[in-house]
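Note that this is a predicted model, so its numbers are computed, not measured.
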There are 2 protein chains.
Amino acid sequence: MTDRFVSNFTNRLDAKGRVSIPSSFRSVLAKDGYEGLYVHQGLDLPALDAGGNALRATIDDILARFSPFSDEWELLSTALNGTSEVLKIDPEGRIVLSEALKAHAGIGDAVTFVGHGHKFQIWEPERFRAHLDAARTRLRDVKRTLGGLASAGGSGS
Amino acid sequence: MTDRFVSNFTNRLDAKGRVSIPSSFRSVLAKDGYEGLYVHQGLDLPALDAGGNALRATIDDILARFSPFSDEWELLSTALNGTSEVLKIDPEGRIVLSEALKAHAGIGDAVTFVGHGHKFQIWEPERFRAHLDAARTRLRDVKRTLGGLASAGGSGS
DNA sequence: TACGATTCCATTGACGCCCATGATTACCCA
DNA sequence: TGGGTAATCATGGGCGTCAATGGAATCGTA
């Protein structure tokens, strides 16, 4: 129904390493129209970014700012294209994470899918809980900073 | 499948020097429609650039930016066209790298194929790992410069 | 004939696809 | 409103197919 990834779900990996993509995420992917799941390792977080064409587009946007054959383009493409993976989604809506992806996120026998609008993240459940706590703490700080701003001026300073 | 080279794969050379092109790359090449594999030595990297018509096109674009009588054109053409080879792909999807190519990339008994969208690179596995570390570091810098765009936070879609 | 190159088989292990199970949820109807 | 039934979804397992790899057979040619 929605075209955004929202909420979070925790599913288990079976003996073959398969894990079901949450049903609601699958319907968003279907609407996005991309066969397979585009996944890359988070740059600053022990998590994975996943999505369809919408996620792909952001990567192309970044690379388009540089000229092919430039040093910049080469390095960025290495980190983005070179470490991205397109996972196949089986008829039941499951994927298999590669060893490299699982290692980056510290994933064992379960994962948490976290909606982020145009993409979603894949976390090791415990790490996500910790991350969520930290996020809540920081959010309180931000709210204090905003404290009482009736109309969004918004400039961060 | 996809029409872009993404992800990375490490395969081994057999006693005859043959190495399998990753299956997903082969399907991209097939769609690109090119007999054989176009390969040239990296301009300033110990790696090889490989691909099909899409790679050829970018090379022509680069050269087209210079006058055919300029020193720059001469240099680039020497580096790109002059070191290019068209490798045959056997029925199993394997290629054999020439000694010149292997020497340039320092390739021994294994290679890593790295997707770069319209082309892919061929690396000696250890060298690629080091290069990837550098690329990730660089991407963090660029991400800061672009203000979080690299995390795919700001898709305008 | 001998060597290099190319094609043809064979093996092994991973992966994709199909079907089964259990459990929860949504739905229908008396 | 309560009960029952159908639908959906996460999960598990069996099995055929394909990819990566190794080695043998064949062809062309010096």
Gap between atoms [atom1] and [atom2], on [X] and [N] respectively (whole Å):
{"X": "A:Phe25", "N": "D:dA10", "atom1": "CZ", "atom2": "P", "value": "11 Å"}
{"X": "B:Leu87", "N": "C:dT6", "atom1": "CG", "atom2": "P", "value": "11 Å"}
{"X": "B:Asp90", "N": "D:dA20", "atom1": "CG", "atom2": "P", "value": "12 Å"}
{"X": "A:Phe113", "N": "D:dT11", "atom1": "CZ", "atom2": "C1'", "value": "13 Å"}
{"X": "A:Ile95", "N": "C:dG16", "atom1": "CD1", "atom2": "P", "value": "11 Å"}
{"X": "A:Asp109", "N": "D:dT11", "atom1": "CG", "atom2": "P", "value": "11 Å"}

_Just to be sure I understand the geometry, which residues of residues 7-15 of chain B put a non-hydrogen atom under 4.0 Å away from DNA chain D?_
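Hits under 4.0 Å, by residue number: B:Asn11, B:Arg12, B:Asp14.
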*Taking it one step at a time, do A:Asp133 and A:Arg129 satisfy salt bridge (charged side-chain N to carboxylate O under 4.0 Å, His left out)?*
CA-CA 6 Å; A:Asp133 284 346; A:Arg129 291 168 60 88; over 6 Å; no
*asked:* Applying a 4.0 Å non-hydrogen cut-off, can you work out what A:Ile21 is touching in the nucleic acid: base, sugar-phosphate, or nothing?
replied: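 Since only primed, P, OP1 and OP2 atoms lie under 4.0 Å of A:Ile21, the category is sugar-phosphate.
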*asked:* What's B:Ser23 touching, base or sugar-phosphate or nothing? Going by heavy atoms closer than 4.0 Å.
replied: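 Sugar-phosphate contact only.
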*Could A:Lys119 and A:Phe25 be counted as a cation-pi pair, given that NZ or CZ must be under 6.0 Å from the ring centre and within 45° of the axis?*
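The answer is no; the distance or angle limit is not met.
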*Do B:His131 and A:Glu74 get their side chains close enough for a donor-acceptor pair, meaning under 3.5 Å?*
yes
_Is it the case that the side chain of A:Asp14 and the backbone of A:Lys16 share a donor-acceptor pair, with hydrogens and angles ignored and the cut-off at 3.5 Å?_
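Yes, the answer is positive, given that a donor and an acceptor are paired below the 3.5 Å cut-off.
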*Atom of A:Leu101, atom of A:Leu48 and distance for their closest heavy-atom approach*: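 Residues A:Leu101 and A:Leu48, closest heavy atoms: O-CD2, 3.7 Å.
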*A:Tyr38 versus A:Asn81, closest heavy-atom pair with distance*: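 Of all heavy-atom pairs spanning A:Tyr38 and A:Asn81, the closest is OH-OD1, 3.9 Å.
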*Just compare C:dG16, D:dG22, D:dA20 and give me whichever is closest to any side-chain atom of A:Lys16.*
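Given the options C:dG16, D:dG22, D:dA20, the side chain of A:Lys16 is closest to C:dG16.
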*Given D:dA19, C:dT7, D:dG22, the nucleotide with the shortest approach to the side chain of B:Arg94*: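 Nearest listed nucleotide: D:dG22.
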*Between A:Glu92 and A:Arg18, is there a side-chain N and carboxylate O pair less than 4.0 Å apart?*
no
*Hey, is the side chain of B:Glu92 pairing donor to acceptor with the base of D:dC18 inside 3.5 Å?*
no
_First encountered from the 5' end of DNA chain D, between B:Arg18 and B:Arg26_ = B:Arg26
